[in-house]
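Below is one structure, written out as structure tokens, with a few remarks after it.
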There are 2 protein chains.
Amino acid sequence: MTEPRTDTRDRLIDAYCELVAASGARSATLDAVAARAGVSKGGLLYHFGSKDALLSGVLDRLRRLAAADTEAMRAAPEGAAHYYVRTSVVAGAGGGDTMDKDVITVLRLAQEGEERAVEAYREVSENWRAALEEQLGDRTLSRIVQLLGDGLWMNSSMHVPVDDLEEVIERLEEVIGSRHAASGG
Amino acid sequence: MTEPRTDTRDRLIDAYCELVAASGARSATLDAVAARAGVSKGGLLYHFGSKDALLSGVLDRLRRLAAADTEAMRAAPEGAAHYYVRTSVVAGAGGGDTMDKDVITVLRLAQEGEERAVEAYREVSENWRAALEEQLGDRTLSRIVQLLGDGLWMNSSMHVPVDDLEEVIERLEEVIGSRHAASGG
DNA sequence: GTCTATAACTTGATAGAC
DNA sequence: GTCTATCAAGTTATAGAC
């Protein structure tokens, strides 16, 4: 604990993510972030120095949390695929935990062309896909599962409900099951 | 032809879409749009009056083009599902036709919370899904195909290449084929 | 560690010349 | 139908008080 131990830093990152997740990157102004975290604009800039430093904060935190989530995925009793698809929806709806918010934030920034966000997404996305492939033993299937999750996220992020999620997961399990049976795994 | 017949209007909508598709909604300022279309800011505002009117222009055009695309999808020789998945990637990469650009633009705006864009997306998305279901004879499968397309779009829009697209389509055809065989269609 | 005040710049929109 | 000012509002960032 040699670094300054203020949770104000984390509150500021939280506020930034929540604003981006709720109303897009444009709405996450320094003023808005500071107000939501309960400090002034000057207070924010003491902790981060610039808007870019705030971005670095989110990126770092996402990488940390995603690494932990990849392990949770590997250990999930319902299987990695089910875990991934299910959590994709929660994330999009904005009702999830800290990592969900970080993921949405980074995805949004990446879509706006923020190069560093694209790089971070590529990294964690590839780690997730590798974990899926590990369990499914099938690269193409791992990609399909991931694309389904991405599609679910996209719809959720626009508040377009996917009403037949349960049927989709069920059908996915069927395909996974038949593959496992066919390959003797 | 009672309305003023200037193609400047269309050039302005094109410029707006290209900017949003390339670098996000924030980059599509009145100045930037006008410059890209080769007119001044005043010239732009003569044609549209406000940024909101520019949005209406894109929304109207998308609805028109999407209706035509739905018909093309129904008539596609490779099948509606294959057509939908394949065109999802082209759209995301930004190298597509006019409708592709309009779709990306509206999706981006929808994700930023623009209510009218969300509504337009919901509408055309539901029409596409209905056309898929018509051919596949299976609601859940139509949703899966659509989610796959959405996932492909998302990755393309961040310039994250999906290198095994061919395998994904092939696997999808297998699942569709087995369903048709099972249901006797 | 947090605040206020303010500088420097960008944005959407208006007014009026041509 | 298109242009050049011009404005008010909002944005990031700095300086310095407390």
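Each chain gets a letter, A, B and so on, in the order the sequences are listed, and its residues count up from 1.
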_Pairwise distance OG(Ser56(A)) to CZ(Arg116(A)) - rounded to 0.5 angstrom_ = 3.5 Å

*Rounded to whole angstroms, how far apart are CG on Leu19(B) and P on dT11(C)?*
12 Å

*Glu115(A) CD to His159(B) NE2 distance, which is reported to the nearest 0.5 Å*: 8.5 Å

*Among residues 23-30 of chain B, which contact DNA chain C at a heavy-atom distance under 4.0 Å?*
Thr29(B), Leu30(B)

*Starting at CE of Met154(A), measure out to OG of Ser157(B) and round the result to the nearest 0.5 Å.*
8.5 Å

*For the side chain of Ser40(A), counting heavy atoms from C-beta on, which of dT2(D), dT2(C), dC3(D) is nearest?*
dT2(C)

*Rounded to the nearest 0.5 Å, what's the gap from CG on Leu172(B) to CD1 on Ile144(A)? Could you check?*
6.5 Å

*asked:* Rounded at 0.5 Å granularity, tell me how far OG1 in Thr140(A) sits from CD in Glu133(A).
replied: 8.5 Å

_For the CG atom of Asp69(A) and the CG atom of Leu62(A), what is their distance to the nearest 0.5 Å?_
9.5 Å

*Rounded to whole angstroms, how far apart are CG on Asp52(B) and P on dA13(C)?*
8 Å

*asked:* Quick check on dT2(D): is either OP1 or OP2 less than 4.0 Å from any side-chain nitrogen or oxygen of Tyr46(B)?
replied: no

*Determine the minimum heavy-atom distance between Ala120(A) and Val106(A), stating which atoms define it.*
CB-CG1, 4.4 Å

*asked:* It should be established whether Thr8(A) places a side-chain nitrogen or oxygen under 4.0 Å from OP1 or OP2 of nucleotide dG1(C).
replied: no

Tabulated below should be each protein N or O lying under 3.5 Å from an N or O of nucleotides 14-18 of chain C; please produce it.
none

*asked:* Any heavy-atom pair between the side chains of Ile104(B) and Val20(B) that's under 4.5 Å?
replied: no

*What nucleotide among dT4(D), dT2(C), dG12(C) has an atom nearest to a side-chain atom of Lys51(B)?*
dG12(C)

*Provide, to the nearest angstrom, the distance between the CG atom belonging to Asp31(A) and the P atom belonging to dT4(C).*
11 Å

Listing, residues 23-30 of chain B side-chain donor-acceptor contacts under 3.5 Å, not counting sequence neighbours, or none:
residue: Ser27(B); atom: OG; partner: Leu19(B); partner atom: O; Å: 3.4
residue: Ser27(B); atom: OG; partner: Gly24(B); partner atom: O; Å: 2.8
residue: Thr29(B); atom: OG1; partner: Ala32(B); partner atom: N; Å: 3.1

*Calculate the interatomic distance between Phe48(B) atom CZ and dG12(C) atom C1'; express it in whole Å.*
16 Å

